[in-house]
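Report on the structure given below.
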Protein chains: 2
Amino acid sequence: MNTKPKSQYNERSACESCGVRQLCLPVSLDGEALSLMDDLVKRRAPMKKGDYLFRTGDKFKSLYAIQYGSMKSYGLTVGGKEQVTGFHLTGEVLGMDAIDEDEHHCNAVALEKTEVCELPFTALETLQNEVPSLQRDLNKIMSREIRRDQHMLLMLGSTTVEQRMARFLLNLYERLQKRGASDNTLNLSMTRQDIGNYLGVAFETVSRQLAHMQDKGILEIKNRNIHLLDIETLGAIAG
Amino acid sequence: MNTKPKSQYNERSACESCGVRQLCLPVSLDGEALSLMDDLVKRRAPMKKGDYLFRTGDKFKSLYAIQYGSMKSYGLTVGGKEQVTGFHLTGEVLGMDAIDEDEHHCNAVALEKTEVCELPFTALETLQNEVPSLQRDLNKIMSREIRRDQHMLLMLGSTTVEQRMARFLLNLYERLQKRGASDNTLNLSMTRQDIGNYLGVAFETVSRQLAHMQDKGILEIKNRNIHLLDIETLGAIAG
DNA sequence: ACAGCTCCTTGATCGAGATCAAGAAAGCCA
DNA sequence: TGGCTTTCTTGATCTCGATCAAGGAGCTGT
């Protein structure tokens, strides 16, 4: 047992431990700014699969950087059906859609054991004023999020399911590579249902497409573990 | 002829004339900040249909606020096919996808006679430091863009074309209403081809869907002029 | 280890929408 | 004004992926 349970998630340099600096805010902050950031960043208790980080309608307080694990975000159509809008991996930032109207517009739920850093937004804005480089960083992070979404739009615009599937896999692969993954293995934390929902196809079709790609020698499926064998061909399919 | 041709697009208060304050930056700036903004904002010569504002690979210098007219943005798939990623109306801001990597990632082309305000970004960032409210505004504008894209993702996720079409029309309608439109008429500046590309369907299908909606009494088509007769039903279809 | 889940695969059928084709309407420019 | 191009409509056919259905595989907790 920890003798100071209250500070269990604040003992270490929060900024260092959660990797915000390395993963989310690419510029180098100087010593003082770094220490200011440290005061700002809070760690949260780890979440288990199915735990919610925020829900539609929740008041917006913080951005969240994923330290490890993964999450999905989804909205509800008026018909009440779930519509997955994104998957979020280690090192990525969630919650930026809520800055404008001070309220979250989607649900964010953990897909596995996941830990996030909380970045209280008012404090972040204040610090932005004192540290110009931080301001630039935040702009960049948001810009990147915009591009990510537009990339997705580009993806969904394509007609064939094979292409969407290829792009989905490559996108995951590239994001993992950026985070320092060394092998060609994707450990999907989401169900086929989620993938299908995200890509706008039936989950049976996801299953069939993966099987088809396995037949062609492009990848190897072991449940949720996908080993990419022929990334070049995958890229060719993605177009 | 203008006696001062060089300053043709800078004579009036740029900020007032291009409507940046009202349309893009919702908070009220005080007198001094407003004047600083004025110095910042440049007007550009009007563009005619087909003129490009920027292209993929262009160095990022400025954000652009549309004063009047409309634009489309699109990327190219590796296969070389055009993929429309968005339509942009009066009062909306373009270029935010480029902040991160200092380079534009899509092409922006005028769909009709269009005029934009240029907001040089380095100056904007500097001014951000002096005017905290501006910083918040920029955060909000970017947040809104993120939400817009995620909304689109939600739209494309839906399976039926009828639904996508309905959502597309309603989305345009709402954006025009926000800008003060009083009637229920959409003057589409884009081709059926562009719409189909954007929604991920064949342009013939767009044509047929519109015809079908006209048969059901939901709207009335006169070439590119769409008069919405039954917005409630349209909303019901959109789900 | 077992029951009771959820999740995944595979097969069969059916329909929405892509594609091919042809002509009509509208915009454009000399 | 008339000819040219681009855009739009409408029809016919065919294909891809949705849907329905059934069984198998993998977790989870007891």
Side-chain angles (χ1 to χ4, degrees), chain A residues 48-51 72 79 81-84 109-113 155-169 186-216 219-226 237 239, chain B residues 48-51 72 79 81-84 109-113 155-166 168-169 186-215 219-226 237 239:
Chain A
K48 63 180 192 304
K49 179 177 167 182
D51 285 350
K72 77 168 173 184
K81 281 196 288 187
E82 194 174 312
Q83 174 62 54
V84 176
V109 61
L111 290 169
E112 59 190 319
K113 193 180 167 205
M155 174 154 122
L156 284 178
S158 76
T159 41
T160 74
V161 173
E162 190 183 31
Q163 217 170 26
R164 292 188 199 187
M165 197 67 220
R167 289 185 191 181
F168 171 74
L169 292 172
L186 309 176
N187 277 298
L188 305 180
S189 56
M190 69 292 285
T191 65
R192 305 282 195 266
Q193 181 107 45
D194 283 336
I195 297 172
N197 187 309
Y198 183 56
L199 297 179
V201 300
F203 70 93
E204 295 98 325
T205 304
V206 172
S207 198
R208 271 187 259 266
Q209 278 299 329
L210 285 173
H212 185 230
M213 284 176 171
Q214 182 169 239
D215 291 347
K216 294 213 285 182
L219 48 77
E220 205 171 13
I221 311 168
K222 275 188 201 142
N223 306 322
R224 295 202 182 170
N225 186 297
I226 308 283
I237 293 171
Chain B
K48 62 180 192 305
K49 179 178 166 179
D51 285 350
K72 77 169 174 183
K81 281 196 288 187
E82 195 174 311
Q83 174 62 54
V84 177
V109 61
L111 291 169
E112 59 189 319
K113 194 180 167 205
M155 173 154 122
L156 284 177
S158 76
T159 42
T160 74
V161 172
E162 190 184 31
Q163 216 170 27
R164 291 189 199 186
M165 198 67 220
F168 171 74
L169 292 172
L186 310 176
N187 276 299
L188 304 180
S189 54
M190 69 292 285
T191 65
R192 305 282 196 266
Q193 181 106 47
D194 283 336
I195 297 172
N197 187 308
Y198 183 56
L199 298 179
V201 300
F203 70 93
E204 295 97 324
T205 304
V206 172
S207 199
R208 271 186 258 266
Q209 278 300 329
L210 285 173
H212 185 231
M213 284 177 172
Q214 183 170 239
D215 291 347
L219 47 77
E220 205 171 13
I221 311 169
K222 274 188 201 143
N223 306 321
R224 294 203 183 170
N225 186 297
I226 308 284
I237 294 171

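In what follows, chains are A, B, ... by sequence order, proteins preceding strands, each numbered from 1.
- In this structure, A/Q209 places its CD atom 14 Å from C1' of C/dT9, rounding to the nearest Å.
- The minimum heavy-atom distance between B/E82 and B/N197, with the atom names listed, is O-ND2, 2.8 Å.
- A/S189 pairs by the side-chain contact (heavy atoms from CB on, under 4.5 Å) definition with A/S70, A/L111, A/E112, not counting sequence neighbours.
- The CE-P distance, from B/M165 to C/dG17, rounds to 13 Å in whole Å.
- The separation between A/K222 atom NZ and D/dC27 atom P is 13 Å, rounded to whole Å.
- Rounded to an integer number of Å, the gap from NE2 of A/H212 to C1' of C/dC8 is 19 Å.
- When atom types are taken as modelled, the side chain of B/D51 and the backbone of B/A110 share no donor-acceptor pair closer than 3.5 angstrom.
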Inset, instruction - At under 4.0 Å between heavy atoms, which parts of nucleotides 7-12 of chain D does protein reach? Answer with one letter per nucleotide, 5' to 3': B base, S sugar-phosphate only, - none. - result: SSBBBB
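- Taking each heavy atom of B/I221 and B/Q214 in turn, the nearest pair found is N-OE1, 2.8 Å.
- Atom-to-atom, NZ of B/K48 to P of C/dC28 comes out at 13 Å; the value is rounded to the nearest Å.
- The distance from the OG1 atom of B/T160 to the CD atom of B/Q209 is 7.5 Å, given to the nearest 0.5 Å.
- Between its two ends, the helix from C/dA1-D/dT30 to C/dA30-D/dT1 turns its axis by 60°, counting five pairs per end and rounding to 10 degrees.
- A pairwise comparison of heavy atoms in A/R164 and A/V201 identifies NH1-CG1, 4.3 Å as the closest pair.
- B/L188 has its CG atom 16 Å from the P atom of C/dA26, to the nearest Å.
- One interatomic measurement links the two molecules: CG of A/N225 to C1' of C/dC7, which rounds to 16 Å at whole-angstrom precision.
- Taking all atoms of both residues into account, the shortest heavy-atom contact from B/I237 to B/Q163 is O-CG, 3.2 Å.
- The CZ atom of B/R192 sits 12.5 Å away from atom CD of B/E204, with the distance rounded to the nearest 0.5 Å.
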